[in-house]
Amino acid sequence: QDLLEINNEFQNLKKGRLSVTEYAISFTEKIKLLLYLVPTELSKVNRFAHGLPVDFSPMVKQATTLKATIWAAKNV
(Lines give C-alpha, C1' and ligand atoms only; values in the text may rest on other atoms or scores of the structure.)
Protein backbone atom coordinates (compact mmCIF):
# COMPACT_ATOMS: atom_id res chain seq x y z
CA GLN A 1 0.00 0.00 0.00
CA ASP A 2 1.37 3.40 -0.86
CA LEU A 3 0.96 6.56 1.18
CA LEU A 4 -1.57 8.06 -1.23
CA GLU A 5 -3.81 5.00 -0.86
CA ILE A 6 -3.52 5.12 2.94
CA ASN A 7 -4.23 8.86 2.87
CA ASN A 8 -7.40 8.26 0.81
CA GLU A 9 -8.53 5.53 3.20
CA PHE A 10 -7.88 7.83 6.16
CA GLN A 11 -9.79 10.73 4.61
CA ASN A 12 -12.81 8.45 4.09
CA LEU A 13 -12.49 6.50 7.35
CA LYS A 14 -15.75 6.25 9.28
CA LYS A 15 -16.92 3.88 11.98
CA GLY A 16 -19.75 2.62 9.79
CA ARG A 17 -20.27 -1.08 10.47
CA LEU A 18 -16.97 -1.40 12.33
CA SER A 19 -16.94 -1.81 16.09
CA VAL A 20 -15.45 1.15 17.96
CA THR A 21 -12.38 -1.02 18.64
CA GLU A 22 -11.92 -1.87 14.94
CA TYR A 23 -12.40 1.78 13.98
CA ALA A 24 -9.90 2.91 16.65
CA ILE A 25 -7.29 0.37 15.50
CA SER A 26 -7.63 1.37 11.86
CA PHE A 27 -7.53 5.07 12.79
CA THR A 28 -4.43 4.79 15.00
CA GLU A 29 -2.57 2.62 12.47
CA LYS A 30 -3.17 5.19 9.74
CA ILE A 31 -2.27 8.28 11.78
CA LYS A 32 1.14 6.77 12.56
CA LEU A 33 1.90 7.16 8.85
CA LEU A 34 -0.02 10.40 8.37
CA LEU A 35 0.92 12.45 11.44
CA TYR A 36 1.28 15.57 9.31
CA LEU A 37 -2.50 15.50 8.75
CA VAL A 38 -3.30 15.44 12.47
CA PRO A 39 -0.27 17.04 14.16
CA THR A 40 -1.97 17.96 17.46
CA GLU A 41 -3.90 15.93 20.01
CA LEU A 42 -6.95 18.13 19.39
CA SER A 43 -6.81 17.50 15.64
CA LYS A 44 -6.66 13.72 16.31
CA VAL A 45 -9.65 13.98 18.66
CA ASN A 46 -11.66 16.01 16.15
CA ARG A 47 -10.81 13.72 13.23
CA PHE A 48 -11.67 10.57 15.21
CA ALA A 49 -14.96 12.07 16.42
CA HIS A 50 -15.79 13.15 12.86
CA GLY A 51 -15.82 9.48 11.79
CA LEU A 52 -18.28 8.46 14.50
CA PRO A 53 -22.07 8.39 14.13
CA VAL A 54 -23.81 11.61 15.24
CA ASP A 55 -25.30 10.01 18.36
CA PHE A 56 -21.78 9.55 19.78
CA SER A 57 -21.21 13.31 19.76
CA PRO A 58 -22.38 14.31 23.27
CA MET A 59 -20.09 11.76 24.95
CA VAL A 60 -16.93 12.23 22.90
CA LYS A 61 -17.11 16.05 22.77
CA GLN A 62 -15.91 16.21 26.38
CA ALA A 63 -12.72 14.25 25.71
CA THR A 64 -9.45 16.14 25.22
CA THR A 65 -7.12 13.28 24.25
CA LEU A 66 -7.44 10.60 21.59
CA LYS A 67 -7.23 7.91 24.26
CA ALA A 68 -10.10 9.52 26.21
CA THR A 69 -12.13 9.95 23.02
CA ILE A 70 -11.75 6.27 22.14
CA TRP A 71 -12.67 5.30 25.70
CA ALA A 72 -15.76 7.54 25.60
CA ALA A 73 -16.82 6.09 22.23
CA LYS A 74 -16.51 2.54 23.58
CA ASN A 75 -18.84 3.50 26.42
CA VAL A 76 -21.61 4.98 24.27
Side-chain angles (χ1 to χ4, degrees):
Q1 250 189 338
D2 66 10
L3 207 52
L4 184 61
E5 213 176 310
I6 295 167
N7 185 355
N8 287 338
E9 285 177 17
F10 180 71
Q11 295 299 337
N12 296 307
L13 187 62
K14 300 262 187 266
K15 180 188 170 295
R17 292 174 172 258
L18 301 174
S19 70
V20 171
T21 300
E22 291 167 330
Y23 172 57
I25 289 168
S26 184
F27 184 88
T28 54
E29 284 175 352
K30 286 174 178 44
I31 64 169
K32 287 176 189 167
L33 301 169
L34 303 167
L35 271 176
Y36 62 92
L37 292 176
V38 282
T40 65
E41 195 67 19
L42 187 58
S43 64
K44 290 174 191 153
V45 166
N46 289 336
R47 184 63 191 81
F48 184 84
H50 178 73
L52 292 169
V54 175
D55 55 328
F56 281 69
S57 206
M59 275 295 280
V60 300
K61 271 187 178 168
Q62 297 165 15
T64 55
T65 66
L66 182 57
K67 189 174 179 177
T69 305
I70 293 169
W71 184 86
K74 285 180 179 179
N75 288 288
V76 169

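Just so you know, these numbers use all the heavy atoms, side chains as well, and skip hydrogens, waters and symmetry mates.
Of all heavy-atom pairs spanning Ala63 and Ala68, the tightest one is CB-C, 3.7 Å.
Among pairs with a residue in residues 44-76, those fulfilling ring pair (Phe, Tyr, Trp, His ring centres under 6.0 Å) read Tyr23-Phe48, Phe27-Phe48, at least two apart in sequence or across chains. Sorted by first and then second residue, the salt bridge (charged side-chain N to carboxylate O under 4.0 Å, His left out) pairs involving residues 60-76 (not counting sequence neighbours) form an empty list.
By the 4.5 Å heavy-atom criterion applied to side chains, Ser26 and Leu13 are counted as neighbours. Thr64 has its side chain out of reach of Glu41: every pair of non-hydrogen atoms, C-beta onward, lies at least 4.5 Å apart. Two residues are said to be in side-chain contact when any heavy atoms from C-beta on lie closer than 4.5 Å; Thr28 and Leu66 meet this criterion.
For the side chain to side chain contact (heavy atoms under 4.5 Å, CB included) test, residues two or more places apart in sequence or in another chain that qualify with Thr40 are Leu42, Ser43. For Lys30, the salt bridge (Lys or Arg N to Asp or Glu O under 4.0 Å) partners are Glu9, not counting sequence neighbours. For Leu35, the side chain to side chain contact (heavy atoms under 4.5 Å, CB included) test picks out Lys44, with sequence neighbours left out. Listed by chain and number, the residues in a side chain to side chain contact (heavy atoms under 4.5 Å, CB included) with Ala72 are Val60 (sequence neighbours excluded). For the side-chain hydrogen bond (donor to acceptor under 3.5 Å, both in side chains) test, residues two or more places apart in sequence or in another chain that qualify with Asn7 are Gln11. Scanning for side chain to side chain contact (heavy atoms under 4.5 Å, CB included) contacts around Asp55 gives Pro53, with sequence neighbours left out.
Expressed to the nearest 0.5 Å, how far CD1 of Ile6 lies from CD of Gln1 amounts to 4.5 Å. Taking CG from Asp2 and CG from Leu33, the interatomic distance works out to 11.5 Å, rounded to the nearest 0.5 Å.
Neither Leu4 nor Phe10 shares a network with the other; the hydrophobic side chains, linked directly or stepwise wherever heavy atoms of I, L, V, M, F, W or Y lie under 4.5 Å apart, form separate groups for each.
Evaluated for a side-chain contact (heavy atoms from CB on, under 4.5 Å) with Arg47, the options Thr69, Leu34, Ile31, Val38 yield exactly one hit, Val38.
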